[in-house]
Structure formats: C-alpha cells, structure tokens
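Each remark here refers to the structure printed beneath this line.
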Amino acid sequence: MDVVKILGIESSCDETAAAIVEDGTRLLSNVVHSQIDIHAAYGGVVPEVAARSHIEVINPVIQAALDQAGIDWGDVDAIAVTNAPGLSGSLLVGTIAAKTLAYLKNKPLYPIHHVEAHVYANFITSQGSATKLTLPSRQPKFPMLALIVSGGHSQLVLFRDHGNYTLLGQTQDDAVGEAFDKVAKIIGLPYPGGPSIAQAAQQGDPKKYQFPKARLANPYDFSFSGLKTAVLRRVQREIGEDFTFPSHELPARVGDQMRHDFAASFQHVAIETLVDKTTFAYHDYNPASVVIAGGVAANLELRAQLAHALPCEIEYAPIQLCTDNAAMIACLGYYRAQHTPPVSPFELEIQPSASMQQLQENDV
C-alpha cells in the first residue's frame, strides 16, 4: 500500500508552522517559527503584528518542512491548512499560501479546525530521523474523551471515531490559558502566563488563598472569568487597596512571596476545575482512552492531578506538539481525507470564530 504524505500549514495565531506527516502517524518534519518574543513586550498577541510576521516567514517555513523531511513537491500527496478558528489576518496568510500551492502543484486541499487538530497531536507515535521527540507509544482508542485546553479554548469532547464527536462542554467566557495570561499580568509575571505561573507556583503555597469555582448549569462547561476577578480583588485587598485601584499598578506592589503564593493558589483552583469536570465526564461516559490537548496540557500540575483522579493511564504528546504546530494539522488532514472530499482552492474561506460544534453541524 502506498504511503500518504500530508503537508500541514498552521498560522492561526502567533506561530508560523509547517510539517510533513506520513499515514497519520509518522512525523517526518516539524518546523515552527514562534513570535512569542515579539509579543511579550505587549503582554499579549497583537493581531496586526502577528499577520505581518506570518507573511515574512510562511514560504521559508514551508520549504524548511520539505527540506527537513527530505522530500520535494512530487512526494506531497495533499495539503492540510488551518482555516478556523483564529485571528483573521493570521489565518488568511496560511490559507492563501495553501490555496496557492494547492493550485500550482495540483494537490488536494483540506481545511482543518485548529482546536480539533490539537487532539491529533496524540495520534503521532513514530518519527523520522529529522525529529527527536518523546512520543506516545500507541494511538488513543475510541471512544475517546478529550480535554482541550489552550490560550483560546477550554472544552471537553467525546470522540466516537474520526470526525464523529460530541462537544460536551466549553468555556462560557475566558479560556483557562487566557485566565493564566491575565492573572500573570495582575501579579507581575511575564507573558505567556501558563509557563510563568507554573514556575512561580513551585515556590508558593497553593492553599494560601482560597478562590471560588464557578457553578454552571452544564456540568461540563467551564468559566474562569470569576476566578480571574477573584484573584484581582484579593490582590487589591492584600496590598491594602480597594477595587478602584488600577490593575496595571498592582505588580509593583506585589512582593516575591506573595506573587508565588498567588500563582500557586490560582493554578491549583484552575487546574482542579479542569480535573473535576474531566473526571465527571470520564465516569459518565466510560471512554476507552483519555487525551489532553493544547498548550495547557504541558502543565505539570494538571498532569499530576489527573494521574491522581483518573483510574486510567494517560500518554501525553511532547510539549513541542502541545503548543501550536503544523504536525497536528497534517495528522488530522490524513484522517479527514479518509472520509471527506477535498475543497477547491477557489472556494476555501477562513472561519475565524467557528466552533467544533458548528463544524460538525455544517459537515465541513
């Protein structure tokens, strides 16, 4: 049987990435150009700056992925590209590049939903000589419960098979990664907030400050806006100010130990919320496997709490495939090609706000 090589292209936010995945399981190349250093000065991603950076590097990144895999365009069987969701300008750069290449090179083109693709980082179990990652030993089994947690998304999804899933719950306001970023800014830690809070929390007391958990009608939905506000109000109170004190002036008044304690206390409750809901869904649906996907999957506190709470073993994708990358796009592209026809390069459009639920309802 012929092997199938998929070129994945990802540019939904502030990483320009391209990768080659073979048969939906073997990683041949993985190239990521990150803009974190550029946006750190602003404390978050600036959409216009992100789009401009994508334009500058998209072609070299794609060529680097081909070179790293040791192949040329004659070996590429199809192109998969993120078209939803994300920043409009960023998505446009990647999709225009993919559409142009699909037309010029006469390759099938598959649109990919970025959030769904995060799950497929867990399906990559082997690699070529160009990459040196610690990968899962086997692919997840269906039915599969997926906790997808990143800077822009927090949701629980039950997958019955490839392309057949039910969105059990999602964030009703801030995603957990977004909450990490905002709390980091309040207490004076650098962007991105996830890694900086995790590091500071190692020297803090997770029980020092008590914070609430949101109660929602759907037990699988998430809400982190109230937790973020609770942290803000408690920091203001701890330094002897009321709610009118400007949040941007707080970091200068927060001492090192207080910063560590707030980081640890916030992280503990935020992660505990994710674990509680995942555990609840696990016992309700009894899946054959559980996967954790997205940038927050790299959080060691999350992994520790889940290991304690769940009776099943979880294999994690390497950190390089938890954050935004194109390997997950190419991997999902392979499975999408098994049951979905390609789209015309002239008809593919970006969908900056499309949810996974909308994707399935529209049968994209």
Side-chain angles (χ1 to χ4, degrees), residues 5-22 24 26-39 45 47 49-69 71 76 78-102 107 109-124 127-128 130-133 135 148 150-153 177 192 293-295 297-298 317-334 336 350 352:
K5 295 182 177 68
I6 307 291
L7 166 65
I9 300 173
E10 155 65 24
S11 68
S12 64
C13 189
D14 60 341
E15 269 87 28
T16 316
I20 303 291
V21 172
E22 184 178 270
R26 183 173 175 82
L27 181 65
L28 301 184
S29 66
N30 183 45
V31 179
V32 180
H33 181 275
S34 176
Q35 303 175 19
I36 285 181
D37 291 344
I38 298 173
H39 298 288
V45 177
V49 174
R52 205 154 48 235
S53 179
H54 286 307
I55 292 171
E56 294 171 356
V57 302
I58 185 71
N59 287 332
V61 164
I62 292 171
Q63 187 58 51
L66 295 172
D67 294 343
Q68 191 180 96
I71 65 173
V76 174
I79 299 173
V81 61
T82 304
N83 75 316
L87 302 175
S88 296
S90 294
L91 287 170
L92 276 171
V93 176
T95 54
I96 289 173
K99 292 193 292 184
T100 303
L101 290 168
K107 304 294 181 182
L109 178 63
Y110 295 92
I112 299 297
H113 193 281
H114 175 89
V115 184
E116 182 184 2
H118 267 302
V119 173
Y120 280 78
N122 296 275
F123 281 79
I124 297 173
Q127 59 193 320
T131 57
K132 306 292 183 183
L133 302 178
L135 298 168
I148 309 171
S150 66
H153 309 279
I319 291 175
Q320 297 93 326
L321 300 185
C322 289
T323 52
D324 290 355
N325 65 87
M328 65 187 195
I329 305 300
C331 185
L332 176 53
Y334 171 83
R336 180 65 50 79
I350 63 169

Q) Can you find a heavy atom in the side chain of L91 that is under 4.5 Å from one in the side chain of N83? A) no
Q) Is there a side-chain contact between H33 and P60, using heavy atoms and a 4.5 Å cut-off? A) no
Q.
With a 3.5 Å distance limit and no angle check, can you tell me whether T131 reaches the backbone of Q127 through a side-chain donor-acceptor pair?
A. no
Q) Quick one: OG on S150 to CG on D324, what's the gap to the nearest 0.5 Å? A) 7.0 Å
**Q.** H54: side chain to side chain donor-acceptor pair (under 3.5 Å) partners, not counting sequence neighbours
**A.** T16, S90
(Q) Donor-acceptor check, side chain of Q35 to backbone of A50, threshold 3.5 angstrom: yes or no? (A) yes
Q. Are N325 and Q320 close enough that some pair of their side-chain heavy atoms sits under 4.5 Å apart?
A. no
Q) Would you say the side chain of P85 lies within less than 4.5 Å of the side chain of V115, judging by non-hydrogen atoms? A) yes
Q: For the pair H114 and H118, name the ring-plane relationship: parallel under 30°, tilted 30 to 60°, perpendicular over 60°.
A: perpendicular
Q: Over all heavy atoms of both residues, which pair between A19 and A330 is shortest? Give the atoms and the distance, please.
A: O-CB, 4.1 Å
Q) With no hydrogens and no angle check, is any side-chain donor or acceptor of S29 less than 3.5 Å from a backbone partner on I20? A) yes
Q. Is there a side-chain contact between I58 and I96 (heavy atoms, below 4.5 Å)?
A. no
**Q.** Where A80 and G333 come nearest, the two heavy atoms and their spacing
**A.** CB-CA, 3.8 Å
Q. Rounded to the nearest 0.5 Å, how far does CD of E116 lie from NE2 of H153?
A. 12.5 Å
Q) What's the spacing between I329 CD1 and R336 CZ if we round to 0.5 Å? A) 10.0 Å
Q) Between E10 and S12, is there a donor-acceptor pair closer than 3.5 Å when you use the side chain of the first and the backbone of the second? A) yes
**Q.** Flag side-chain contact, heavy atom, 4.5 Å: I79 against I9
**A.** yes
Q. In a check of side chain to side chain contact (heavy atoms under 4.5 Å, CB included) between C331 and each of I124, I112, L321, which one passes?
A. I124
Q | Contact summary for V61 and A18, nearest pair of heavy atoms | A | CG1-N, 3.6 Å
Q. Where the side chain of Q68 meets the backbone of N30, is there a donor-acceptor pair that is under 3.5 Å apart?
A. yes
(Q) Measuring from atom CG of L87 to atom CG of L92, what distance do you get when rounded to the nearest 0.5 angstrom? (A) 10.5 Å
**Q.** Point-to-point distance, once rounded to the nearest 0.5 Å, from OH of Y334 to NZ of K5
**A.** 12.0 Å
(Q) Can you see whether N59 engages Q63 through a side-chain donor-acceptor pair at a distance of less than 3.5 angstrom? (A) no
Q: For K107 and L101, indicate whether the former's side chain and the latter's backbone hold a donor-acceptor pair under 3.5 Å.
A: no
**Q.** Spatial distance of atom CD (E15) from atom OG1 (T82) [nearest 0.5 Å]
**A.** 11.5 Å
